[in-house]
Asker: 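Right, I'll just put the structure down here and ask away after.
Numbers restart at 1 for each chain; the letters A, B, ... are given by sequence-line order, proteins then strands. A quick note: this is a predicted structure, and the numbers were derived from the prediction, not measured.
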Amino acid sequence: MASALYQGFTIRQTWLDDIAVSTTLPRRPVVPSPATRPQSATQVLRDLLSPEDWQHYSTQGHIHVQGSRGGEYKLHRERQGNVWQVGNASRLGRPLCILLQSNTAPALGYPIELQLAAQVLLLRTDEQEFLDIALPA
Amino acid sequence: MTMTIAEPIAEPDTEPAHRLRVPNGRECAEITWSPDDAVTVAEATQLFEQGLGRGFGAYKRVPGQPDETTRVFDPTATEIIMLPQLAGG
């Protein structure tokens with residue numbers, strides 16, 4: 001929709017009421033929000049993975065991730081207790097639970113692909129932080 | 001007959017847009033900027049800082065480099081993704 005492309009620079013999302021950008025800056029085309037794309041969380045996750053990893057996730061339902069400190073993890077497409085450390089005998093058989101939070105509390109309402117995307121990014125960027133946050137399931 | 005050698009056609013600016021995405025699954029705020037355009041950088045910076053204020057984490061992505069967490073808007077980043085923080089559940 002052309003009108004959607006050239007809205008005055010105002011972004012207001014119902015889910016993020018206070019992330020609104022209202023400015024007197026000159027009007028310019030705004031990238032159409034994927035609000036019209038229902039699978040935006042899926043697309044974010046897909047963009048984080050290689051085509052091979054995405055294919056594996058699509059068919060097998062899990063993702064292999066290497067942490068920033070070299071640890072290997074298997075993330076299952078499950079809401080809770082979905083993170084398994086690979087090759088760590090002391091933690092084997094004891095999945096980790098780490099969820100997106102809303103208002104400082106763990107939340108279950110987010111799309112699972114968004115949770116997986118956040119897990120992938122935190123493991124890749126700060127594996128120790130991930131382990132500090134995660135709780136044994 | 002006069003022959004004219006055409007001027008070479010200038011290559012279009014093919015630099016990909018720099019993108020900030022703030023998805024939550026149902027919807028996704030998305031904005032692009034050009035590092036050379038102060039207006040678009042200011043717009044993206046504003047959205048970035050509002051995301052931080054909301055408590056979101058920010059991840060900077062540059063092709064060929066490891067992803068990084070960041071607390072400062074970097075106009076040179078190819079992409080920044082902001083997501084709700086994780087908590088032990």
Asker: Which pair of heavy atoms, one from A:A118 and one from B:Y59, lies closest together, and at what distance?
Answerer: O-OH, 4.3 Å
Asker: Tell me the closest heavy-atom pair linking B:L86 and A:I133, and the distance in Å.
Answerer: O-CG2, 3.7 Å
Asker: Step by step, would you call B:R21 with A:V44 a side-chain contact (heavy atoms from CB on, under 4.5 Å)?
Answerer: CA-CA 9 Å; B:R21 284 197 284 180; A:V44 170; 3.8 Å; yes
Asker: Give the minimum heavy-atom separation between A:Q101 and B:A87, together with the two atoms involved.
Answerer: OE1-CB, 3.4 Å
Asker: Tell me, side chain or backbone of A:D47 under 4.5 Å from chain B's heavy atoms, or both, or neither?
Answerer: both
Asker: Within residues 60-70 of chain B, which residues come under 4.5 Å of chain A, heavy atom to heavy atom?
Answerer: B:R61, B:D67, B:E68, B:T69
Asker: Hey, could you give me the CG/CD1 distance between A:L48 and B:I81, rounded to the nearest 0.5 Å?
Answerer: 4.5 Å
